[in-house]
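Here's the structure we're looking at; comments come further down.
Each residue takes its place number in the sequence, starting with 1.
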Amino acid sequence: MAADAAVAKEGLVIPLIDFSKFLTGTPNERKTTAEAILHGFQTAGFIYLKNHPIPVDVLSRTFARSADFFALDTDAKMKLGWTTPEANRGYSSPGREKVTQLEDIAEVEKVRSAAPDLKESLEIGRDTDPKHPNQWPAEDGKLKGFRTDMNDFFSQCQKLHVEVMRAIALGMDLQEDFFDGFVHVGDNTLRLLHYPSVKADVFRVNPGQVRAGEHSDYGSITLLFQDSRGGLQVKSPTGYFVDATPIPGTIVVNAGDLLARWSNDTIKSTIHRVVEPPRKEDSSYPPRYSIAYFCNPNTESFIQTLPGTYATEKDKKYKGVNSGDYLVQRLTATY
């Protein structure tokens, strides 16, 4: 089964994969789909999934609830401010976060000062974590039921994370449940993102201005739900950034740095960014909303090179690492 291409430009081919063939297909369909998913991660670092198990109405409601949250006044949002890399929960105001590939905090600050990312976000983690409680807004008016809806969406994304990791395992000829013990806790992050409306002049005055700087993600995989505005770009093998155009009913899934490390770099964690949307006649751009679900191994998991990705010990590119420690290190530089 050859997967259709969602993106094919500048040597970058991102497959469009029917995930129902893995979830409910025959053994042959499941294996073929798993191999297509793995191949997409090995070559592009990105895939699009269609016919996934998250219902359209659930996704629409989550986007609507996100917009309601960001419509709160600044003071109400700032009371929920993001605190520490260890917690990674709460609200980040426009310009606070600067995603880059840099790890030196001083260098990140220089980049942030020159061209801060034009976005705000709310980070939501596993709500059963006693050490790091979520920062929930007061539930009145339009935000009534916000916590329940977000926890429900978090749970559905967590289940999808498990299934995608099972597909990767099957594609790699590992036991299908190989990753289950590494991801069952759900130490993941649901990020609601709002890119406020902005004058087109902002991008012309500062050529380095973007809505989110070029970066790779930190964890295992990311589930990205886009609205129709566009702006996501993925770096191609030729060095050009290619539009990852929204396709209704699909989820964009990309591999993160920890999965690349886990796979001995046989899986790619590809650089991407969010830029000025496709130019139109208007002098300003409307707001853009997206939802990212960052999937990670359990915080306590120890990540070592996967079987089948090396011939001898000398072929291992990385030492083993604790998942939680690694993610805190990366988040510390970002904020």
Side-chain angles (χ1 to χ4, degrees), residues 6-7 10-15 17 36-49 85 88 97-103 108 117 157 160-161 164-165 167-169 171-172 174 179 182-183 187-189 191 210 212-224 226 232-242 244 251-274 290 292-298 301-306 308-310 315-334:
V7 175
E10 294 291 341
L12 178 72
V13 179
I14 303 178
I17 295 171
I37 288 170
L38 177 63
H39 182 72
F41 285 141
Q42 289 174 330
T43 55
F46 275 74
I47 62 175
Y48 283 61
L49 293 182
N88 192 29
E97 181 193 24
K98 183 63 186 179
V99 286
T100 71
Q101 289 304 97
L102 301 171
E103 296 187 9
V108 173
D117 286 353
C157 289
L160 180 55
H161 172 212
V164 174
M165 297 306 292
I168 293 171
M172 296 182 76
L174 300 170
F179 293 110
F182 288 95
V183 301
D187 287 326
N188 305 324
T189 300
R191 171 182 286 182
V210 292
E214 57 184 80
H215 64 285
S216 56
D217 291 346
Y218 307 152
S220 52
I221 62 171
T222 302
L223 311 177
L224 179 65
Q226 303 189 75
L232 174 66
Q233 292 186 331
V234 179
K235 196 168 189 178
S236 73
T238 59
Y240 289 92
F241 279 95
V242 176
I251 305 172
V252 176
V253 187
N254 63 283
D257 295 344
L258 203 48
L259 182 57
R261 180 184 181 121
W262 211 349
S263 73
N264 212 31
D265 285 340
T266 57
I267 286 173
K268 292 184 177 181
S269 179
T270 305
I271 300 291
H272 52 285
R273 65 185 185 182
V274 180
S290 66
Y293 186 80
F294 296 102
C295 305
N296 308 306
N298 304 331
S301 290
F302 192 71
I303 304 306
Q304 301 184 80
T305 312
L306 289 169
T309 62
Y310 62 95
D315 295 323
K316 293 183 179 180
K317 295 184 178 182
Y318 305 100
K319 294 180 179 179
V321 65
N322 172 268
S323 173
D325 292 345
Y326 176 83
L327 293 168
V328 167
Q329 174 193 348
R330 297 295 303 273
L331 285 165
T332 298
T334 302

*asked:* Show the nearest heavy-atom pair for residues Pro237 and Gly11, with the distance to one decimal.
replied: CG-O, 3.4 Å
*Among all residues two or more places apart in sequence or in another chain, which pass the side chain to side chain donor-acceptor pair (under 3.5 Å) test with Asp325?*
none
*For Ser290, check side chain to side chain contact (heavy atoms under 4.5 Å, CB included) against everything at least two apart and list the hits.*
Leu193, Tyr195, Leu224, Arg288
*Distance, nearest 0.5 Å, that separates CZ of Phe302 from CZ of Phe182*: 10.5 Å
_Atom of Ala167, atom of Ile37 and distance for their closest heavy-atom approach_ = CB-CD1, 3.8 Å
*asked:* So Phe41 and Val164, do their side chains get closer than 4.5 Å, heavy atoms only?
replied: yes
*What distance separates Ser269 OG from Asp257 CG, expressed to the nearest 0.5 Å?*
3.5 Å
*asked:* Can you give me the closest heavy-atom contact between Pro297 and Asp187, atom names plus distance?
replied: O-CB, 4.3 Å
_Separation of Tyr218 OH from Asn88 CG (nearest 0.5 Å)_ = 9.5 Å
_Close side-chain approach of Val253 to Leu160, heavy-atom, < 4.5 Å_ = no
*Is the backbone of Ala44 close enough, under 3.5 Å, to the side chain of Thr270 for a donor and an acceptor to pair up by distance?*
yes
*Evaluate the side-chain proximity of Asn188 to Phe294: yes if any heavy-atom separation is below 4.5 Å, no if none is.*
no
*In chain order, what residues pass the ring pair (Phe, Tyr, Trp, His ring centres under 6.0 Å) check against Phe46, with sequence neighbours excluded?*
His272
*Set of residues satisfying side chain to side chain donor-acceptor pair (under 3.5 Å) with respect to Glu10, sequence neighbours excluded*: Thr238
*Is any side-chain heavy atom of Leu327 less than 4.5 Å from a side-chain heavy atom of Asn296?*
yes
*Any residue meeting side chain to side chain donor-acceptor pair (under 3.5 Å) with Asn254, in chain and number order, not counting sequence neighbours*: Asp217
_Closest contact, heavy atoms only, Leu12 versus Ser236_ = CB-CB, 3.9 Å
_ring pair (Phe, Tyr, Trp, His ring centres under 6.0 Å) involving Phe179 - partner list, sequence neighbours excluded_ = Trp262
*If you look only at pairs with a residue in residues 261-272, which of them pass as a salt bridge (charged side-chain N to carboxylate O under 4.0 Å, His left out), with sequence neighbours excluded?*
Asp265-Lys317
*Looking only at heavy atoms, which two atoms of Ile267 and Ala260 are closest? And how far apart?*
O-CB, 3.3 Å
_Over 12 non-hydrogen atoms of neighbours within 6.0 angstrom of OH in Tyr318_ = yes
*For Asn298, which residues count as a side chain to side chain donor-acceptor pair (under 3.5 Å) partner, sequence neighbours excluded?*
His184
*Can you name the residues that form a ring pair (Phe, Tyr, Trp, His ring centres under 6.0 Å) with Tyr293, not counting sequence neighbours?*
Phe154
*For Val13 and Thr43, what are the C-alpha separation, side-chain angles and deciding distance, and is it a side chain to side chain contact (heavy atoms under 4.5 Å, CB included)?*
CA-CA 8 Å; Val13 179; Thr43 55; over 6 Å; no
*With Thr309, which residues qualify under side chain to side chain contact (heavy atoms under 4.5 Å, CB included), at least two apart?*
Met172, Asn264, Thr266, Thr305, Leu306
*Do Leu223 and Cys295 have side chains that get closer than 4.5 Å, going by heavy atoms?*
yes
*Would you check if Ser220 and His161 make a side-chain contact, meaning some heavy-atom pair closer than 4.5 Å?*
yes
_Please give me the minimum heavy-atom distance between Ile47 and Gly40, naming the atom from each residue._
CG2-CA, 3.8 Å
*Given Val234 and Val7, is the side chain to side chain contact (heavy atoms under 4.5 Å, CB included) satisfied, shown in steps?*
CA-CA 10 Å; Val234 179; Val7 175; over 6 Å; no
*Between atom CZ of Arg330 and atom OG of Ser216, what is the distance when rounded to the nearest 0.5 Å?*
5.5 Å
